[in-house]
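Letters A, B, ... mirror the listed sequences (proteins, then strands); counts begin at 1. Because the structure is predicted, anything quoted here is derived from the model rather than measured.
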Amino acid sequence: MGEGAAEGVEELNDQMLIRRQKLDEWRSEGIEPFGQRYDRTHTAEEIRSQFDALEGQTVSIAGRIIAKRGHGKASFADLLDGSGTIQLFIKVNTVGEKLYKQYQRLDLGDIIGVQGTVFRTRMGEISVEIQEFCMLSKALRPLPEKWHGLKDVDLRYRMRYLDLIANPEVKEVFITRSKIIQGIRDFLLARGYLEVETPMLNVIPGGANARPFITHHNALDMDLYMRIAPELYLKRLLVGGFEKVFEIGKNFRNEGISTKHNPEYTMVELYEAYGDADTMMALTEELFAHLAVLVKGTTQVEFQGQIIDLAPPWPRLPMLEAIKQYAGIDLEGVSDEEAVKLAKERGVELPPGAGKAQVINELFDEFVEPELTGPVFITEHPVEISPLAKRKPDKPSVTDRFEPFIVGWEMANGFSELNDPIDQKERFRQQMEQRQAGDDEAHMMDEDYIVALEHGMPPAGGLGIGIDRLVMLLTDSPSIRDVLLFPHMRPKAD
RNA sequence: GAGCCAUUAGCUCAGCAGGUAGAGCACCGGACUUUUAAUCCGGGUGUCCGGGGUUCGAAUCCCCGAUGGCUCACCA
């Protein structure tokens with residue numbers, strides 16, 4: 001991308017040519033259209049909110065011209081800055097012929113600095129009457145259409161800056177995203193958590209069942225993996241004596257792209273020594289409700305027409321009970337063979353060699369998950385699909401794990417952390433078997449992590465929350481691309 | 001990865017019983033000293049996504065490809 005333009009291969013359309021001509025006109029008058037620092041006294045929003053104090057005063061503002069309305073010897077324009085828009089007014093007998101002519105040369109999209117007087121027009125619009133203005137940046141390409149905005153989703157994602165200019169509501173989503181992430185950080189810091197950073201380049205990718213991206217380190221001449229989760233590093237920190245840690249950052253998973261999946265996505269993972277799954281469920285409820293109030297002012301959240309109340313406490317539903325309830329199949333005490341038979345009777349496809357754990361997983365995904373408007377905690381996942389979670393003391397075939405579901409999506413994942421190194425090694429061994437059987441998402445063996453556990457890790461609760469989905473929920477965005485500034489796109493080949 | 005749909009001017013979209021393209025905004029020229037989707041007069045600025053094919057003739061029909069959207073599959 002950009003090669004063509006850089007080499008001047010790209011053809012200029014009439015509007016681009018005219019804007020380049022205007023660039024030359026500015027320069028022929030000794031004015032550099034790509035200007036310097038500009039000291040503003042106010043933003044557009046401040047002028048509007050502080051109008052009573054500012055009326056008749058001289059202010060300096062800066063921004064992008066997004067509309068012009070000419071009336072011969074007087075003109076109006078709309079100036080957009082980071083706070084919003086403000087109307088500009090200019091009269092030839094105030095500024096003189098020369099400046100007025102220069103004003104008329106301005107194109108939509110140009111960025112200017114304005115010194116002028118605050119006043120209200122006959123129609124009641126708070127405005128700034130230009131006394132002086134200067135060029136800060138010349139726009140060499142036209143903006144998208146003012147009324148319909150930029151609709152082409154391909155262009156919106158590829159040229160997000162235009163989307164942000166043309167569709168102001170898009171900005172709001174990303175402001176909310178920032179508030180949510182800051183809200184999570186504040187919430188955890190206030191509870192004594194320490195924010196840490198762990199490697200994104202991994203020798204052994206762990207902490208999740210997923211296919212990783214592979215990259216290469218030249219000096220070491222070795223392949224490295226982009227992390228699929230920070231979990232195993234964060235738990236090493238529990239061994240080291242940090243008792244409450246969290247990390248906010250990207251995970252990378254080499255899997256499909258959809259309205260709910262982007263190859264790189266943002267997670268918060270946190271671990272609390274001496275806690276357990278119950279500690280984490282309580283924290284999850286509180287955090288979600290807190291964030292909803294922070295960005296919406298209420299725990300009642302509307303998503304695509306349905307109202308979800310995030311106020312704690314959320315119901316807890318063991319996986320087998322959920323399957324009984326939604327699929328009408330009771331797997332309690334059922335053998336592997338019987339479980340597989342029951343699933344096949346319901347038309348569920350299973351990989352060869354699947355056992356009861358896979359049956360539970362498949363039945364849950366197919367019959368239960370879409371029904372979970374929630375919020376609800378699904379608990380007691382089979383040990384086979386939870387290789388890093390502690391077993392329930394009274395029920396060793398399942399783990400002390402939970403996943404909150406809202407609007408049918410898995411929003412997070414948490415459990416009491418497995419701190420028995422011998423059990424952990426055995427779990428890894430089973431994962432390796434699955435790997436050898438062709439499951440390339442099964443966990444890899446991490447001997448170094450076992451060694452860490454052998455030094456003693458306190459019992460702990462752990463939690464990972466998919467921040468993108470959380471932002472989707474709280475901004476009523478149906479696609480993950482709407483909450484990512486630059487979602488992954490194929491390069492445009494032409 | 002599979003299916004369906006889309007791609008026409010800078011932007012938003014018409015045009016698709018096959019006769020080489022139109023509108024609004026933007027842009028260009030002109031008028032206009034309080035407009036706000038300003039208005040009025042004049043001007044269409046185009047690789048109809050790309051490449052083949054059918055046809056006297058293709059934006060339109062067929063095939064291949066590119067990109068995007070949705071659905072499904074895998075996952076969070």
If you take atom types as modelled and just measure distance, does the side chain of A:Q15 reach the base of B:rU45 with a donor-acceptor pair under 3.5 Å? no

Could you tell me the Watson-Crick or G-U partner of B:rA66, where both distances fall under 3.5 Å? Say none if there is no partner. B:rU7

In Watson-Crick or G-U wobble terms, both distances under 3.5 Å, what is the partner of B:rU45? B:rA26

Base paired to B:rA2 (Watson-Crick or G-U; both N/O distances under 3.5 angstrom): B:rU71

Do we count A:Y265 as stacking onto B:rA76 if the rule is ring centres under 5.5 Å and planes under 30°? yes

Can you tell me whether the side chain of A:D152 and the base of B:rU12 have a donor-acceptor pair closer than 3.5 Å? no

Rounded interatomic separation in angstrom, taking CG from A:D154 and C1' from B:rG68: 5 Å

According to the Watson-Crick and G-U wobble definitions, with both distances under 3.5 Å, which nucleotide is paired to B:rA59? none

By nearest atom, which of the nucleotides B:rU33, B:rU71, B:rC74 is closest to the A:V92 side chain? B:rU33

A:E417 and its side-chain contact (heavy atoms from CB on, under 4.5 Å) partner, picked from A:K235, A:E272, A:M280: A:K235

Quick one: is the NZ or CZ of A:R253 closer than 6.0 Å to the six-membered ring centre of A:F213, and within 45° of its axis? no

The side chain of A:R211 is closest to which nucleotide in this list: B:rU34, B:rG69, B:rC74? B:rC74

Counting only heavy atoms not in A:E197, do more than 12 fall under 6.0 Å of its CD? no

Rounded to the nearest angstrom, tell me the gap between atom CE in A:M489 and atom C1' in B:rU7. 13 Å

Identified side-chain contact (heavy atoms from CB on, under 4.5 Å) partner of A:L388 from the options A:T399, A:L418, A:L232: A:L232

Any donor-acceptor pair under 3.5 Å joining the side chain of A:R122 to the base of B:rU34? no

